[in-house]
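Below is one structure, written out as structure tokens; comments come after it.
These figures come from a predicted structure and were not determined experimentally.
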Amino acid sequence: MPADDELHRFLNALSPASRDKVRAQPRERQEQLAAAWETELSEDTDLDTLDELSPDAAAEEAAERVVRDSFE
């Protein structure tokens, strides 16, 4: 998957405030955060159940975790 697609999906999963934080970062950092989000989605077993119930909610939860972990 191209980095642009991954980044676009990551940004769309974020709340507006978190999206602004990420967009304020250099492009390379944004792509690193998007890659961390993909990893979070694929490796977090707690998200599997949520993903089955609501894929959008799981994507949002994972995206917000990445931002929280990266900026706190």
Subject >> Those residues that, when tested against E60, pass side chain to side chain contact (heavy atoms under 4.5 Å, CB included) (two or more places apart) >> reply: E64

Original post:
Distance from E40 atom CD to E61 atom CD, nearest 0.5 Å?
Top reply: 8.0 Å

Original post:
Which pair of heavy atoms, one from L33 and one from S70, lies closest together, and at what distance?
Top reply: CD2-OG, 3.1 Å

Subject >> V22, D5, L41 screened by side chain to side chain contact (heavy atoms under 4.5 Å, CB included) with F10, the one that passes >> reply: V22

Original post:
With no hydrogens and no angle check, is any side-chain donor or acceptor of Q30 less than 3.5 Å from a backbone partner on Q25?
Top reply: yes

Subject >> Minimum side-chain heavy-atom gap L7-R27 below 4.5 Å >> reply: yes

Subject >> Donor-acceptor under 3.5 Å (S42 side chain, T39 main chain) >> reply: yes

Original post:
Taking only residues two or more places apart in sequence, or in another chain, which ones meet A13 in a side chain to side chain contact (heavy atoms under 4.5 Å, CB included)?
Top reply: W37, A59, A63

**OP:** Step by step, work out the side-chain contact (heavy atoms from CB on, under 4.5 Å) result for K21 and L14.
**Re:** CA-CA 10 Å; K21 282 183 185 178; L14 290 169; over 6 Å; no

